[in-house]
Each structure stands twice: as structure tokens, then as C-alpha cells.
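Have a look at the structure below, then the notes.
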Amino acid sequence: MLGEYDFLVVMEAPDRTAAYQAGVALERHGLDAQTMEIIPTEELAEVVDDL
């Protein structure tokens with residue numbers, strides 16, 4: 001990857017809490033991590049429609 005990030009880790013977690021715990025574990029091992037939630041386009045459309 002070129003730019004701000006050196007590499008990208010894509011993972012699937014059973015829930016949001018587990019994903020954040022994985023991110024914290026990475027940071028405890030010295031990796032600067034940013035956690036981003038990816039949602040299906042259809043789900044995003046529902047959120048936008050409610051506005």
C-alpha cells in the first residue's frame with residue numbers, strides 16, 4: 001500500500017466488542033492501529049433513508 005498506511009488487516013469478528021479488543025491487542029504489541037467498521041451497502045442505505 002502506498003500512502004498513510006503500511007499495511008491493511010481485514011478481519012471478521014463475531015461482534016463490535018471483539019473487534020475492538022483485537023485492535024487493543026495489536027496496539028499492546030506496539031502496532032499503531034485504527035479500527036474501522038465496514039457495513040453492507042444496503043444497511044448504510046437504510047441509515048441514510050432514516051435521515
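Every heavy atom of this structure was used, including side-chain atoms; hydrogens, water molecules and symmetry mates were not. What you are looking at is a predicted structure, and each value in this text was computed from that prediction instead of being measured.
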**Prompt:** Partners of Glu12 by side chain to side chain donor-acceptor pair (under 3.5 Å), sequence neighbours excluded?
**Reply:** none
**Asked** Which distance, rounded to the nearest 0.5 Å, do you find between the CD1 of Ile38 and the CD of Glu43?
**Response** 12.0 Å
**Asked** Listed by chain and number, what are the side chain to side chain contact (heavy atoms under 4.5 Å, CB included) partners of Ala22, not counting sequence neighbours?
**Response** Met11
**Fill in**
Those residues at least two apart in sequence (or on a different chain) that pass side chain to side chain contact (heavy atoms under 4.5 Å, CB included) with Glu37 are Arg16, Ile39
**Heavy-atom closest contact (Ala19 atom, Ala13 atom, distance)** = N-CB, 3.8 Å
**Request:** Please name the residue in the list Val24, Leu26, Leu31 that meets the side-chain contact (heavy atoms from CB on, under 4.5 Å) test with Arg28.
**Result:** Val24
**Prompt:** Got more than 12 heavy atoms from elsewhere within 6.0 Å of CG, Asp49?
**Reply:** yes
